[in-house]
Every structure is written in C-alpha cells, then in structure tokens.
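Every chain is numbered from 1 and lettered A, B, ... according to where its sequence line falls, protein lines coming before strand lines. Only this structure's heavy atoms are used, side chains among them; waters, hydrogens and symmetry mates stay out.
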10 protein chains.
Amino acid sequence: MSELYAVRMDVALPPDMDPAAKAELLAREKAYSQQWQRSGHWRSIWRCVGEYANLSIFEVEGNAQLHDILWGLPLFPHMRMTITPLAQHPSDIAAG
Amino acid sequence: MSELYAVRMDVALPPDMDPAAKAELLAREKAYSQQWQRSGHWRSIWRCVGEYANLSIFEVEGNAQLHDILWGLPLFPHMRMTITPLAQHPSDIAAG
Amino acid sequence: MSELYAVRMDVALPPDMDPAAKAELLAREKAYSQQWQRSGHWRSIWRCVGEYANLSIFEVEGNAQLHDILWGLPLFPHMRMTITPLAQHPSDIAAG
Amino acid sequence: MSELYAVRMDVALPPDMDPAAKAELLAREKAYSQQWQRSGHWRSIWRCVGEYANLSIFEVEGNAQLHDILWGLPLFPHMRMTITPLAQHPSDIAAG
Amino acid sequence: MSELYAVRMDVALPPDMDPAAKAELLAREKAYSQQWQRSGHWRSIWRCVGEYANLSIFEVEGNAQLHDILWGLPLFPHMRMTITPLAQHPSDIAAG
Amino acid sequence: MSELYAVRMDVALPPDMDPAAKAELLAREKAYSQQWQRSGHWRSIWRCVGEYANLSIFEVEGNAQLHDILWGLPLFPHMRMTITPLAQHPSDIAAG
Amino acid sequence: MSELYAVRMDVALPPDMDPAAKAELLAREKAYSQQWQRSGHWRSIWRCVGEYANLSIFEVEGNAQLHDILWGLPLFPHMRMTITPLAQHPSDIAAG
Amino acid sequence: MSELYAVRMDVALPPDMDPAAKAELLAREKAYSQQWQRSGHWRSIWRCVGEYANLSIFEVEGNAQLHDILWGLPLFPHMRMTITPLAQHPSDIAAG
Amino acid sequence: MSELYAVRMDVALPPDMDPAAKAELLAREKAYSQQWQRSGHWRSIWRCVGEYANLSIFEVEGNAQLHDILWGLPLFPHMRMTITPLAQHPSDIAAG
Amino acid sequence: MSELYAVRMDVALPPDMDPAAKAELLAREKAYSQQWQRSGHWRSIWRCVGEYANLSIFEVEGNAQLHDILWGLPLFPHMRMTITPLAQHPSDIAAG
C-alpha cells in the first residue's frame, strides 16, 4: 500500500555558518533529495516563492518510512516540518 | 507562461444548512472542480486526512486566473484559503 | 501494514441545539465510536480534563481508512481535528 | 490512585553541540526513558512523524510524580512540553 | 492524595440570550460554584479584571474529579477552559 | 489597600550557562522569593507541572510594588511574564 | 493611592442588530464613558485608526474599581478587553 | 503634509445575507471606494489572490482622515482591518 | 498638524551583554527618551508592570517623524515594536 | 505577462554583527534594491513605521522571477518574508 503526505520544510541556517561547511551540507542535501526523487518516494518538490522553504509530496509505504526519510535529511536539524497526511479527494477525476 | 500555486481550502458550512440545498451546493462544487481538473488547470486535489479541507495544486496563466477560478467556487463563501506561490526547486530532478 | 495516529477532537455544539436532537446525536456518536473501538481500530479514547475534547489513538490500514472513520463521525461537522501521524520511537522498550 | 497524562515533547538541540556530548546525552535520555517505561509509569512513547518530537502517555500517582519524571529528563533543558491531563471517556468501551 | 490545578474559565454568552433564562443560569452557576467552594474542592476563585473570566484553584482527588466538577458547571457549554496541573514549588516556604 | 495579581513566569536559561554561576543564580532566586513569601506579598507559588514555569499569586500595595518585586528577581532577564490583575469574584463565598 | 492601566477595547456588534436598539446602546455607552471621564477615572480615550476599537488610560483606586467600571460598560458583552497594568517608567521626566 | 498607509481589509459577509441587500451593499461599497480613488486619497487597491480581501495604499492628511474614510466604508461592519503606517524607505530611488 | 500614536516597545537584551556596555547603552537610551519627552513629542511613557516593556504615546508631525524618533533609539536593535495610529474618539469629552 | 505581488520583509540582524561588515552588507542591499527599482520590477518600497521592515510591490514575469529577485537579496538570510500575490480589484478605477 502506498500513502501520500504533504510536507512543508522551513529552513533556518545559523547566520555564522562556515561557507565551506554550508556548501558541503547543501550538496549532501541535494544528493539525498534526488536519490529519493529517483526512487519515486519524493514525488514533487517546489520552492515556496520568496522563502527558504519547500513544499513536497511524498508517496511512501507509510508513517515509518516517511519519518525515516525526513529524519535522514542532512538539513533536518535546521528544519521546521509541517506534515499533512493526504487521501484521495472524492472530487478527484482520477477517483473514477 | 504557466505558474504553479499550492492552495489549501478549509471548509466550514453553517451547521443548520438545509440538506437539499447542501447536496445541490456540493454537487455544483464537484462539477466545477472537475471541469478545471479536466482543463489541466487544477492539477491535483487531495483530501487533508480527518479534516474538511483539501490541498490542491494549480497550474494557471498567473495570479488573475488563479483568483478567478477560486472566486468562482460554489463553496468559496464558506472557505478559508491559504495561497502559496510555487517555483521550481533547484533540487528537483526535473530541473535538468 | 498497520499505521498509528493521534487525533485530538475539539467539540463545539451550537448553544441552541434541541435537547432531543442533541441526545440522539450523542447516542449515535457513542455507538459509532464503540463499534470502531471493538474492531480494534480506535485503540484508545481519553477525555481531555475540563474540556469538551478527547485525545484518541487510531490503528488503521493507513491515511484513507483514518479519514473514512473520522469523516463518518456523527459529531464530525461540530469538531475541529488535530491529526498527528505516529511511528515507533527508538527509545520504546518494545522496539527490541 | 493512578492518573493519566498525555505529554508532547518537542526537542531543540543547539546546532553546534559537540557530537560526543550529544551522543552521551541521548544515551542517558534513552536509558532514563526506558527505566520509567519498565516501571510502568511511561506507558507509551511514539515518534511524531517527521519531527524531533514525541507523544507520550504517562500513568503516575499524580501531578507531583509526573513533574519529577519530566524534570529529571536529561533532555529537559532542550524541550518544550505540552501537558494534557486525561480522564476516562464516557464512550470508552472499558468504562463498563 | 490531593491534587492542585489552576483553571482559567473564559465565558462567552450568546448576545441574544433571554434575560430571565440568563439570570436563572447565572444563579445556578453561583450556587454550584459555592457548593464546591464550601466542600473545600474549589479553593479560590478570582475575577480576571476587565474580562468575563475567572482564575480558580482546585484541590481535588485527581484528574477525574476535576473533570466532573468542571463538566457539571451550568455555564460549561459557554466556557473556554485552560487547565494547568500544579505541583509544590521547590522555593515554596511551605516545602520545608 | 491590597491588590491581587496572578503571575505566570516561564524561565529559559541559556543552554551553555556555567554550572556554578547557574547554581548561584538559582540560590539567589530562591532566597529572594522566600523573603517576599515570608513578608506575605508572594502569597502562593506553584510549579506548572512538566514545565520550567511557575504560577504565583501576589498581594501587594499596587502596580508599582508588583513591578519592583518582579523586576528584582535574579532570574528576571531569563523570564517571560504573564500578568493578570485579579479582583474579588461575586461567586466567592468570602464575598459575604 | 491611584493606579494606572491601559485598556484596549475591541468591539464586535452582531451584524443584524436592530438600528434603534443599536443607537440607544451607543448613546448609553457614550454617556457612561463621559461620566467616568468627567470624574477623572477615564483619563484618555483614543480611537485605534481604522478599527472598531479604542485605547484608553484609566486612573483608578485599583483592580476592583477598574473591573467595576469596565463591567458596567453598556457595550461590555460585545467587547474583547486587553488589560495592561502600568507603573511609572524610570525614564519618565516626571519621575524626578 | 500627506501621509501613507497600507491597509489590508478582510471581508466576512454573513452566509445567509439576502442577495438583493448584498448586491446593493456591494454597489455602494464600489461607488464609495471609487470616489476616494478619484480624489487621489485611495491610491491603490489590489485583490489578494484567492481571498475575499484587498490590499490598499492610502495617501491622506493623516490618522484622522484615514479613520474617517475607513469607518465610512459600507462594508466596514463586515471587515477586519490591518493598518500599517508607511514612511519613505532610505533605499527608495525616489528618495534622492 | 500633529498626529498621535501608541507604541509598545518590548526589550530583549542579549543575556551575556557586558555590564559596562549595558549601563552605557541604557544611559544613552534614557537621555534620548528624555530629550524627546522635553520637546513634547514623547508625551507619555509607562512601564508595563512585570515586563521589560513600555507603553508610550507620541505626538509628532506624522509617520516620518515617528519613524525617525524610534529608529534613533539606542535600544532599537533590541526592541520589538507594536505601532497603533490614534485618532480622536467620538466619546472623548474633549471632542466638544 | 506581468504579475504583481506584495512582499513584507522583516529584518533581524545578529546583535553582535561587526559594524564594518554590517555597513558593507547594507550598502550592497541598497544597491541591489535600487537596480531592481530602476528596471521597473521593484515598483514600490516603503518603510513600515517604527519597525526594521519594509512593504514592497513587485511587478515581475511571474513566480520564478520574484523568487530569484528575493533570494538574491544580500539581507535575505536575515529576513522573514510574507508574500501576497495580487490581482486587479474589480473596484479599481483603472479596471475600466
């Protein structure tokens, strides 16, 4: 069974972070995100315009897998998460 | 140019609404939503689990068209809207 | 696979509700809740002390089933819901 | 007499914490939690999905014992607590 | 064992309440409050200055009794409650 | 004339405070609090269960004296204060 | 001894109020306010620009008198109050 | 001297408003707004996309005139206002 | 033309500020405030009881002058400001 | 197609920033802002009176360009952004 979740991630990096450490951290974040996008679990990621934040849609086995993916984010210690479990909407034309 | 927006719609119907009027209103809402889904402007609609709310993704010409679509919703007078303009995320694997 | 969720339900009934209609509504709510408790899906329900609210733990197949159970609550139109998806905690002694 | 409480604990560790000190702190936290789980006072602990937070159910003698257990948490200085005293719900099938 | 709680009660009566029904309701509220004050369970009640609200201290057997007393308030359907469980403070000179 | 106030004090100490300096600060706080308790101005102090916070009742000459007492708290720079002026409640059995 | 308080009053009248009843209510409110201004207890009243709200400064005997004045306002059942007890500021040039 | 203010107006009409009365009210609102736009005092008005709200810029003599204009809005009893006084920004290229 | 504003200033100094630098900063703040009080622009300043905050009334030429005075405060970088533009209230006995 | 957005930017600089680094940062911010004002994309910028904040109106190609401009602000890491997409208001006299 596959489950859907919307996740908004708001990032707040310490203002005095070392530039090299920051670049390395962001590179790891990007690689990690793309690995899960390629596997099909991180279905969508959009930038929230004007903010250091993204809105993402995950399709995973369930709560545990979602937690594991998010917990493993290199930026996780600097993120505030808003989690919304999703279900099919009765007006969705795909509901048949 | 096409623009993306996330919209969360929270519905609050008056508790004493006439059942027939309510059924007619919800039928119109569903038809209206599906017409915009079929046109490709209302790309996704999900139920927020356990709430009378949905999270939707719109792909429209821009601000004006998004407003016109939302303002025309039969349920609009009973909805609280949260609008988030979206852009491509640099970690999106579709960013090339 | 079974999934866990915490749900807090805050109830606000219209102050001028007909007493007989209210009694009938609450009886249906109780019967509905107990049916899902007996099936094992509504694992726990506690009263939040001093408030017209409860905290409940659900164990269901996933997001869709949780939504269906909550949406079917006779009191649903009078409730504000707070949904928290849960996973096993690494400090849980049951984690082995 | 035994009393029930729901406690949500949100953790925020300083971003520049020494890794060894952090590992030692988390090990002490886990041991402390498991000791109270084994004694039966910390009845349940769940991870809130996607967040550095847990939801726990405590069954203790009363307010004083709950405070002593929480105050003694090695992570207490880094936690924000939300306390909800609980009572039996009249719809609970265990209410007889 | 006796337990202490602070309870803030904010009252919001419907603006169009019948004056006689309101007077009768408030008389019942006062009698109910004074009965529990006389029994020693409702230790203190103060008016929050300038607001239709009170701050009260309860000394009861525990969570269940506090809930029963508050739930039985004639004004309960018109109140918003804030509950704070209390314990002895280590700086209290009565702590010995 | 004597005036009553409820004061909730939420404490947040810097996580990297020197242990000796912290112990000395807390000892001064306790002595300061107990001096005002003994004088009868700090009528009650309770621990808010599970939080680094207290709820206190002050009986003082008026606004100025309350401010002076709170401003003089050794922990004042680390506290967030919530002040509620109190008056006799018409349902208080002591109201005669 | 005289005490100072800032009070912000936000007014929300029912949208369907009878115009004559509303006019009579507002006339009583104005007369009541001016009586306390003339007595010197209601030192200042300003309109908060663009809002159905005022900011007022009261100079009264203490908490009880402030409550009695506010409680007696004809508009009191339609107001939300924010009370701030005031004291002399050390930078006030009138502090001597 | 002319003063600038940003005003956000959020509208909430009663859901059961008579359609003719509503149409008449909205026509008066539009005429009133356009009269002040033509006079140059209501410099800009934009729809907040997806919401029954507008963001407006006013250029008026000062606080009193702004209040009079807003208070006179036919929709005023149904609006929640957020007022932000503005001044020239030092980075404004018009600052010379 | 003279304009009135209420300003609430909440101060938060870094907990590790050098005592001499802090004393010098506060002395400059006091001198600056008193200069504007003597000029008649800073009409009133009161301490908010129990908080590191003040409520002030300014009478200035308009938005620009208010901003310049506040921006120039030595404590400005450590303050959170709440600005309320004021106008004469129709119930003010000075309204004639 | 051109799109309009209101953006409120709240600035919070670290209190211990090096004065020279701060001056250089602010100079770059000003130059950056003025370049986009001159190009016509940053239509208006106003100071929010009494706050380290501005309210700005942007006219850009769409979401992506707005994000790029804001993300490039030298002060971006120190800003909290509030984004409001705008559309023509039906009462705007320019709507024809």
Under 4.5 Å from any heavy atom of chain F, what part of D/Tyr5 do you find: side chain, backbone, both or neither?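 Nothing of D/Tyr5, per the 4.5 Å heavy-atom cut-off to chain F.
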
Restricting to non-hydrogen atoms, name the atom on D/Met81 and the atom on F/Glu51 that form the minimum distance, rounded to 0.1 Å.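 Closest pair (atom of D/Met81, atom of F/Glu51, distance): O-OE1, 3.8 Å.
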
Smallest separation among heavy atoms of F/Val49 and D/Ile83, with atom names: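 Scanning both residues, the minimum pair turns out to be O-CG1, 3.3 Å.
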
Would you please name every residue forming a side-chain hydrogen bond (donor to acceptor under 3.5 Å, both in side chains) with F/Thr84, sequence neighbours left out?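 Partners of F/Thr84 under the side-chain hydrogen bond (donor to acceptor under 3.5 Å, both in side chains) test: none.
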
For chain D, which residues of residues 9-34 of chain F have heavy atoms nearer than 4.5 angstrom: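 Expected list: F/Pro15.
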
